[in-house]
Amino acid sequence: MTDAFVKERHDAPPGFFEVEAAGLRWLDVAGGVPVARPLQVSPGRLATPRLNPVPPTGAAADEFGRRLAVLHDTGARHFGVPPDGWETDGYIGTIELPHTLEPTTAWGEFYASLRVRPYLRMAYDQGTIDDHQLVVFERLCRRLTDGAYDDPAEQPCRIHGDLWSGNVFWTADGVHLIDPAAHGGHRETDLAMLGLFGIPQLERVLRAYNEAHPLTDGWRDRVGLHRLHPLLTHVVMFGSSYVPQALAIARKYD
């Protein structure tokens with residue numbers, strides 16, 4: 001295979017690269033953001049086209065924002081649904097990402113049950129968060145489940161799910177997406193993750209997105225809420241240094 005980028009992991013857990021490939025195919029929609037299309041996938045190995053990086057430009061950021069809105073608007077059957085062709089859980093980073101084949105009633109229930117509590121349990125079992133901190137997070141989970149942050153106008157979207165700057169690849173042909181944790185989710189989650197660790201041209205991306213599909217009033221006030229899940233995954237994978245930031249978010253929104 002020529003001019004391919006190959007990822008290999010001989011100790012890959014079951015489905016590690018297969019669900020990534022399924023996510024890339026699912027995100028590859030007409031008019032959406034181009035993806036690194038799978039060329040070959042097998043247990044322990046994934047090959048995609050080699051992408052050549054270029055410096056980010058304002059024009060590329062505008063196009064990225066518009067195309068990201070198209071991708072999201074393609075939709076998903078329900079919150080938490082896995083990519084087409086996949087029926088079990090996935091991965092975010094090196095840890096499991098729960099999926100569900102059964103619709104949840106609303107985004108808040110999904111977010112609390114499948115994006116917050118699983119990682120709270122992991123972090124608590126590791127001893128990374130204590131009983132007092134767990135109480136704070138659980139208060140927020142109850143608010144989420146009670147519908148405090150639900151908006152019936154926001155339908156399940158087809159999202160990348162791990163859209164931090166490292167998974168946004170700038171090329172001469174515009175932005176390409178790599179390494180998804182794709183699922184049916186809230187579009188504000190992808191947008192919130194874009195700025196979590198900083199990304200070039202962020203405000204241009206957001207402005208172009210908002211012009212293509214206007215965001216709901218108050219979306220900037222909810223950015224922290226949508227960052228709680230990735231921060232908790234970092235708590236699990238990298239330890240207690242991420243706990244204060246996650247805890248501050250939980251206190252803000254409970």
Review point. Regarding H160 and N167, is there a side-chain donor-to-acceptor distance under 3.5 Å anywhere?
Key: no
- Hey, are Y149 and R143 close enough side-chain-wise for a donor-acceptor pair under 3.5 Å? yes
Fill in: side chain to side chain contact (heavy atoms under 4.5 Å, CB included) between L144 and L225, intermediate numbers included
CA-CA 10 Å; L144 285 163; L225 183 63; 4.3 Å; yes
Look at the side chain of T74 and the backbone N and O of V70, then say whether any donor-acceptor pair between them is shorter than 3.5 Å.
yes
The reported gap from CZ in R139 to SG in C141 (rounded to nearest 0.5 angstrom) is 11.5 Å
Aromatic ring proximity F197/H234, centre distance under 6.0 Å: yes
- For D217, does the CG atom sit with more than 12 other heavy atoms under 6.0 Å from it, leaving out its own atoms? no
Closest heavy-atom pair, A36 versus P49, reported as atoms and distance to 0.1 Å, is C-CD, 4.2 Å
Report task. Return yes if some donor-acceptor pair links the side-chain N/O of T48 with the main-chain N/O of P38 below 3.5 Å, else return no. Result -> no
Rounded to the nearest 0.5 angstrom, the CZ-CD distance for R187 and Q155 is 11.0 Å
Are H186 and W219 near enough that their ring centres are under 6.0 Å apart? no
Using a 4.5 Å cut-off on heavy atoms from C-beta on, say whether the side chain of F79 contacts that of P103. no
Q.
Contact between I249 and L231 at the side-chain level, heavy atoms closer than 4.5 Å - yes or no?
A. yes
message: Just checking Q126: does its CD atom have more than 12 heavy atoms from other residues, nucleotides or ligands closer to it than 6.0 angstrom?
response: yes
Exercise. Does the pair L140 and V116 meet the rule for a side chain to side chain contact (heavy atoms under 4.5 Å, CB included), with working shown?
Worked result: CA-CA 10 Å; L140 174 57; V116 179; 5.9 Å; no
Evaluate L194 against D190 for side chain to side chain contact (heavy atoms under 4.5 Å, CB included), listing each step before the verdict. CA-CA 6 Å; L194 276 176; D190 268 355; 5.9 Å; no
**Study point:** Salt-bridge contact K252-D221 (side-chain N to carboxylate O under 4.0 Å)
**Key:** no
So OG1 of T88 and CD of E96: to nearest 0.5 Å the spacing works out to 8.5 Å
Is there a side-chain contact between L163 and L68, using heavy atoms and a 4.5 Å cut-off?
yes
Can a donor-acceptor pair be found, under 3.5 Å and without considering hydrogens, that links the side chain of T57 to the backbone of A60? yes
query = Side chains of E109 and T105: is there a donor and an acceptor less than 3.5 Å apart?
reply = yes
May I ask you to say whether D28 pairs ionically with R37, meaning some side-chain N is under 4.0 Å from a carboxylate O?
-> yes
Rounded to the nearest 0.5 angstrom, the CG-CH2 distance for D151 and W107 is 11.0 Å
Requested in this report: Start with the C-alpha gap between H78 and E102, add the side-chain angles, then the distance that decides, and say whether side chain to side chain contact (heavy atoms under 4.5 Å, CB included) holds.
Outcome: CA-CA 8 Å; H78 57 262; E102 298 297 325; 5.9 Å; no
* Measure from the ring center of Y209 to the ring center of H72 and say whether it is less than 6.0 Å. => yes
Tightest non-hydrogen contact, residues A212 and R66, listed as CB-CA, 4.3 Å
### Query
Should the pair E138-R117 be classified as a salt bridge under the 4.0 Å nitrogen-to-oxygen rule?
yes
- prompt: Under 3.5 Å, is there a donor-acceptor pair between the side chain of R222 and the main chain of A192?
  reply: no
- request: Answer yes when R67 and E63 have at least one side-chain N-carboxylate O distance shorter than 4.0 Å, and no when they do not.
  value: yes
d(D179 CG, I92 CD1) to nearest 0.5 Å is 11.0 Å
Does the D162 side chain pair with the main chain of P180, one donor and one acceptor, at a distance under 3.5 Å?
no
Open item on the list: Donor-acceptor pair, distance only, cut-off 3.5 Å: does the side chain of H183 make one with the backbone of A181?
Closed with: yes
| query | Is it true that the NZ or CZ of R9 lies under 6.0 Å from the centre of F16's six-membered ring and within 45 degrees of the ring axis? | reply | yes
Checking H229, H226, R227 against T189 for side chain to side chain donor-acceptor pair (under 3.5 Å), the one that qualifies is H226
Greater than 12 external heavy atoms within 6.0 Å of Y124's OH = no
Heavy atoms, side chains only, cut-off 4.5 Å: are I178 and F5 in contact? no
Test your reading of the model: is there a side-chain donor-acceptor pair from D146 to the backbone of A148, 3.5 Å cut-off? no
**Q.** Ionic contact status for R45 with E20, cut-off 4.0 Å
**A.** no
query: Are the side chain of R158 and the backbone of G75 linked by a donor-acceptor contact shorter than 3.5 Å?
result: yes
Scanning both residues in full, the closest heavy-atom pair of T145 with A112 reads OG1-CB, 3.7 Å
query = Given side chains that start at C-beta, do those of W164 and L196 come closer than 4.5 Å, heavy atoms only?
reply = no
Notebook entry, point to check: Can we say D254 and R142 salt-bridge, meaning some charged N sits less than 4.0 Å from an Asp/Glu carboxylate O?
Noted result: no
Do the side chain of H176 and the main chain of G174 share a donor and acceptor less than 3.5 angstrom apart?
-> yes
Check the orientation of W170 and F64. Use parallel for under 30°, tilted for 30 to 60°, and perpendicular for over 60°. perpendicular
Taken to the nearest 0.5 Å, the spacing of F17 CZ from L46 CG works out to 6.5 Å
